[in-house]
Amino acid sequence: DAVAEIARSCDLVLCLPAGARLHAHAADALRRASAEREDATLLYWDVEIDAPDGPAPLFFTPFDGERLLEQGQGCLAFAIAGGAPLAAADYDSFFHLVLSLTRRARRGGVGHVPCVLCALPPLDPAALTATLRAAAGRRPTLEVCESATPFRLPALRIGRAAAMTTTAILWGDWSDAESQAAREALLRQDGGGVTHILHAEPDAPEFAAAAGAAPEAPERFPIHRDRKSAQSDRLGASSSSAASASWRDDAPALSSRARRLNAAAASCGTDAVLFLGPGVLPGDSRGLAELAGRLAAARVAAAGALLASANGEILSAGLALGPSGERVALWRGWPMAARDPHDDLVVAHEAPSLDLQAMLVDRRRFSEIGGFDARRFPDEGADLDYCLRARKAGYRALFTPHARWIATRSGAGVGESRRRGARADWVARRFRTIWTGYLQDDAMHNPNLGRSAFPREALAIPPRSRVTRWVEAGGHD
């Protein structure tokens, strides 16, 4: 109660670990940031950590509810705006205090100041992990599965129980042997959520499979027709403009991958839709359950897995929009066992976009957002564009390294990160035209850092705008 009384009488209350040192300009920078919004609740900023070989900077992303749960992002040093609602139960730890504040914050009430404003003493990841485990354990919807292996910060693996049915849609050129392997692997997944499997190609054999009772597999895909717009360019057409027809009859008219996937997804009656690229199989029996648990979190439209080759090389850990509008597969080429310096390959977090090779979407939200934009991105880039539109609509896309899916084909990854050509250049031009504002100010990326296939590996030259980034909080359990 005494702390709450102090908070009500101050403009800002700074919460720092013992031994932390504020930089000379920190107080002024934080006062300016908090004055930008009347509903400001919490501010956090970039830090540097004392180390034997010199200070090591930590550049954070804007508020990320999933990374907050698994790693306590923003809990190392933060400021509470005066008048923020506090209760005695909030003070078990810094982690629990930040969890409580962000859950109660109004829309846009949490701000990230992208500047290094203080130096922290050396951290004890084990002690911090234990504190974070205790805070997360108080959330009834969460299960603390295990402690991960962090680089500098604490790291947990959070699990959620998710009872949802799933249709798997196989797109691309699958062989009969690969299709059968996918069927067997998906039916072995924990939770038994796969009710049926569909091929999204017109000449592929369609089959359904279910554990136990026979599924209600759709034989006809509803194809949206509208003379004023391209067929199946986007989902969400009114029922009066939709017509059901045989998949074999209508598929040839669906000349693009995005249109075929939209039509296939519209035919499903399940809670979720799993898109799988050619030859991609789950790495273990928990892959689908892990994705479903992430999809069950608040305001999540899609969940994506880490995609690797059979020899353990990362093919994609999410997607991003490169500086010239190119579609970049993040961490491509790294070994799966690598420990990246900011734990992107250790903890689940919000991603700029997810890879269509292994992506689970909420079917209703997929329809609400409009599905893939087949007019602008008929084949390449539809996944990246969809995730950007989902974020614009207020939803999140979560990447989890705890779900690892294997591309069984040699060189089967997605990644335009290294491949250039006429099609990739055309897609990049489209992204530069449509998402110009996003390229100039990517809310998911720290402006102090460069934008490449290996995020947060190099400083941005020249630095981009360092204005405070206000984002919606409450995106966690």
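On a predicted model such as this, the values are computed, not experimentally measured, just so you know. All heavy atoms count here, side chains included; hydrogens, waters and symmetry mates do not.
For the atom pair OG of Ser316 and CE of Met359, the computed distance is 11.0 Å after rounding to the nearest 0.5 Å. Summarising the geometry, atom CG belonging to Leu187 is positioned 12.0 Å from atom NE2 belonging to His196; distances are rounded to the nearest 0.5 Å. Here CG of Leu261 is found 11.0 Å from CG of Leu198. Values are rounded to the nearest 0.5 Å. Atom-to-atom distance recorded for Phe377:CZ and Leu384:CG is 7.5 Å, nearest 0.5 angstrom. Expressed to the nearest 0.5 Å, how far CZ of Phe399 lies from CG of Asp355 amounts to 10.0 Å. Interatomic distance, CH2 of Trp435 versus CZ of Arg376, reported as 8.5 Å (0.5 Å rounding).
Side-chain atoms of Glu70 do not come within 3.5 Å of backbone N or O of Val347 as any donor-acceptor pair. In this structure a side-chain-to-backbone donor-acceptor pair under 3.5 Å is missing from Thr166 to Ala272. Remark: the backbone N or O of Val300 is paired with a side-chain donor or acceptor of Arg365 at under 3.5 angstrom. For Gln357 (side chain) and Phe275 (main-chain N/O), no donor-acceptor pair under 3.5 Å exists by modelled atom type. Side-chain atoms of Asp284 come within 3.5 Å of backbone atoms of Gly287 as a donor-acceptor pair (strictly under, hydrogens ignored). Put simply, the side chain of Glu66 never gets that close to the backbone of Ala348: no donor and acceptor are under 3.5 Å apart. Remark: side-chain polar atoms of Asn446 are paired, donor with acceptor, to backbone N or O of Phe60 under 3.5 angstrom. Distance alone, capped at 3.5 Å, places no donor-acceptor pair between the Arg404 side chain and the Gly283 backbone. Looking at Asp46, its side chain never comes within 3.5 Å of a backbone N or O of Pro57 through a donor-acceptor pair. A donor-acceptor pair under 3.5 Å is formed between the side chain of Thr400 and the backbone N or O of His402.
Residues passing the ring pair (Phe, Tyr, Trp, His ring centres under 6.0 Å) test with Tyr386 are Phe366, Phe372, sequence neighbours excluded. Checked against ring pair (Phe, Tyr, Trp, His ring centres under 6.0 Å), Tyr438 has no partners two or more places apart in sequence or in another chain. Every residue two or more places apart in sequence or in another chain that forms a side-chain contact (heavy atoms from CB on, under 4.5 Å) with Asp271 is listed here: Met164, Thr165, Arg364.
Counting all heavy atoms, side chain and backbone alike, Val427 lies closest to Gly381 at CG1-CA, 4.3 Å. The shortest heavy-atom contact between Ala297 and Leu398 is CB-CD1, 4.3 Å. Between Ala264 and Ile169, the closest heavy-atom pair is CB-CD1, 3.6 Å. Closest non-hydrogen pair, Asp64 versus Glu350, comes out as OD2-N, 2.8 Å. Here the shortest heavy-atom pairing between Ala292 and Ala162 reads O-CB, 3.5 Å. Closest of all the heavy-atom pairs between Arg469 and Pro62 is CD-CG, 4.0 Å.
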Exercise for review: I would like to know whether Asp383 and Leu354 meet side-chain contact (heavy atoms from CB on, under 4.5 Å); could you show each step before the answer?
Suggested key: CA-CA 7 Å; Asp383 45 8; Leu354 303 172; over 6 Å; no
Exercise for review: Apply side-chain contact (heavy atoms from CB on, under 4.5 Å) to Leu330 and Asp344, showing your working.
Suggested key: CA-CA 10 Å; Leu330 299 177; Asp344 285 351; over 6 Å; no
Practice item. Begin from the C-alpha positions of Cys75 and Leu68 and carry the test side-chain contact (heavy atoms from CB on, under 4.5 Å) through to its verdict. Key: CA-CA 8 Å; Cys75 298; Leu68 171 63; 3.6 Å; yes
Check your understanding: Please walk me through it: do Ser34 and Leu43 pass side-chain contact (heavy atoms from CB on, under 4.5 Å)?
Key -> CA-CA 8 Å; Ser34 65; Leu43 288 166; 3.9 Å; yes
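In this structure the side chain of Ile434 never reaches within 4.5 angstrom of the side chain of Leu388, judged on heavy atoms. Thr468 is listed as a side-chain neighbour of Val113, based on a closest heavy-atom distance under 4.5 Å.
A salt bridge does not link Arg430 to Glu380: none of the charged side-chain nitrogens sits closer than 4.0 Å to a carboxylate oxygen. Between Arg389 and Asp385 there is a salt bridge, since a side-chain N of the basic residue sits under 4.0 Å from a carboxylate O of the acidic one.
Between Tyr44 and Phe63, a ring centre-to-centre spacing not shorter than 6.0 Å is recorded.
When each of His349, His112, Gln73 is checked for a side-chain hydrogen bond (donor to acceptor under 3.5 Å, both in side chains) with Thr61, only Gln73 meets the rule.
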